[in-house]
**Q** 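The structure that follows is given in the form of C-alpha cells.
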Amino acid sequence: QVQLVESGGGLVQAGGSLTLSCAASGGTFSTYVMGWFRQAPGKERDFVAIISWGGGSTHYADAVKGRFTITRDNAKNTVYLQMNSLKPEDTAVYYCAARRGTYTSRSRADYEYWGQGTQVTVSS
C-alpha cells in the first residue's frame with residue numbers, strides 16, 4: 001500500500017511560480033509511474049503531467065506544456081511539479097497519483113494510489 005502526501009500549494013499572483021511536492025511511503029517508489037492531476041471546482045479531475053520510473057520520460061497536458069515541469073527523486077521517494085507563469089485558470093486542487101507498471105497513462109482510472117490534494121489558487 002502506497003501513501004502519498006502532497007505539499008507546496010498556496011496562493012500566488014498570475015505570472016508567479018510554485019513547486020508542489022509529493023512524498024511517497026509504503027512501496028517501492030522507483031517502480032511506480034507518478035502523475036499529477038488537478039480538479040477545478042465543478043470540473044472533472046484532469047491530467048497534468050506524468051513521469052516514468054527513472055524520470056527519463058515525461059508527458060504534459062497541452063495547457064501546461066512549456067510552463068510546468070515534473071521531476072522525481074527516487075532516493076527521496078518524492079515527485080515534484082514546478083509550475084511557472086501561473087495563470088488564474090491553473091487554480092485547482094492538485095493531486096499526486098501512482099501506478100504500478102511501465103505505462104505512462106494519462107487516464108486517472110489507471111492510477112491506484114492518490115494523495116489528499118493540495119490547493120493552488122492563482123489570483124489575477
**Q** SG of C96 to OH of Y111: how many Å apart, nearest 0.5 Å?
**A** 10.0 Å
**Q** Below 4.5 Å, heavy atoms only, C-beta onward: do R45 and R38 meet side chain to side chain?
**A**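 SC-SC contact between R45 and R38 ruled out.
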**Q** Kindly indicate, with the supporting measurements, whether the criterion side-chain contact (heavy atoms from CB on, under 4.5 Å) is fulfilled by V120 and T91.
**A** CA-CA 5 Å; V120 171; T91 295; 5.9 Å; no
**Q** With respect to M34, which candidate in L4, T104, I50, T78 satisfies the side-chain contact (heavy atoms from CB on, under 4.5 Å) definition?
**A**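 Only one option passes, and that is L4.
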**Q** So, taking the atom named OG in S21 and the one named CZ in R72, what distance separates them when rounded to the nearest 0.5 Å?
**A** 14.0 Å
**Q** So T118 and V93, do their side chains get closer than 4.5 Å, heavy atoms only?
**A** no
**Q** Which distance, rounded to the nearest 0.5 Å, do you find between the CG of N74 and the CZ of F29?
**A**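 Separation between the atoms: 5.5 Å.
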**Q** Examine V64 and Y94 and state if one hydrophobic cluster contains both, with Ile, Leu, Val, Met, Phe, Trp and Tyr joined whenever side-chain heavy atoms are less than 4.5 Å apart.
**A**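 Yes, because V64 and Y94 connect within a single hydrophobic cluster, where side-chain heavy atoms sit under 4.5 Å apart.
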**Q** Find out whether I70 and Y80 are in side-chain contact, i.e. whether some heavy atom of one side chain is under 4.5 Å from a heavy atom of the other.
**A** no
**Q** How long is the straight-line distance from OG1 of T69 back to CG of L81, given to the nearest 0.5 Å?
**A**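 Going from CG on L81 over to OG1 on T69, the span is 8.0 Å.
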**Q** Is there side-chain contact between N77 and S25, with at least one heavy-atom pair below 4.5 Å?
**A**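 They are not in contact (no side-chain heavy atoms under 4.5 Å apart), so the answer is no.
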**Q** With no hydrogens and no angle check, is any side-chain donor or acceptor of T28 less than 3.5 Å from a backbone partner on S30?
**A** no
**Q** Just so I know, are the side chains of R100 and V33 near enough to count as touching, which here means a heavy-atom distance under 4.5 Å?
**A** no
**Q** Is it true that S123 and Q13 share a donor-acceptor pair across their side chains at a distance under 3.5 Å?
**A** no
**Q** Is there side-chain contact between S85 and K87, with at least one heavy-atom pair below 4.5 Å?
**A**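 Counting from C-beta outward, S85 and K87 never come under 4.5 Å.
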**Q** Classify the angle between the aromatic ring planes of F47 and F37 as parallel (below 30°), tilted (30 to 60°) or perpendicular (above 60°).
**A** perpendicular
**Q** Identify whether I51 and W53 are in the same connected component of the hydrophobic contact network (ILVMFWY, side-chain heavy atoms under 4.5 Å).
**A** no
**Q** Compare every heavy atom of S105 with every heavy atom of D110, then report the nearest pair and how far apart it is.
**A** OD2-OG, 2.5 Å
**Q** With hydrophobic residues grouped by side-chain heavy-atom distances under 4.5 Å, do W114 and W36 end up in a single group?
**A** no
**Q** Tell me, with the steps shown, if Y113 and Q3 meet side-chain contact (heavy atoms from CB on, under 4.5 Å).
**A** CA-CA 7 Å; Y113 304 104; Q3 291 81 45; over 6 Å; no
**Q** Just so I know, are the side chains of V48 and Y95 near enough to count as touching, which here means a heavy-atom distance under 4.5 Å?
**A**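 No, too far: nothing below the 4.5 Å cut-off.
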**Q** What's the spacing between T19 OG1 and F68 CZ if we round to 0.5 Å?
**A**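 One finds 10.5 Å between OG1 of T19 and CZ of F68.
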**Q** Does the side chain of Q116 come within less than 4.5 Å of V5's, by heavy atoms?
**A**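 Yes; the side chains approach each other to less than 4.5 Å.
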**Q** Would you compute the distance between atom NZ of K65 and atom NE2 of H59 and round it to the nearest 0.5 angstrom?
**A**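 K65 NZ to H59 NE2: 9.5 Å, rounded to 0.5 Å.
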**Q** Do you see a donor-acceptor pair shorter than 3.5 Å between the side chains of S17 and N84?
**A**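 Checked: S17/N84 side chains pair up, N/O donor to acceptor below 3.5 Å.
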**Q** Write down the atom of A40, the atom of A92, and the distance for their closest heavy-atom approach.
**A**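 Heavy atoms only, the tightest pair is N-CB, 3.8 Å.
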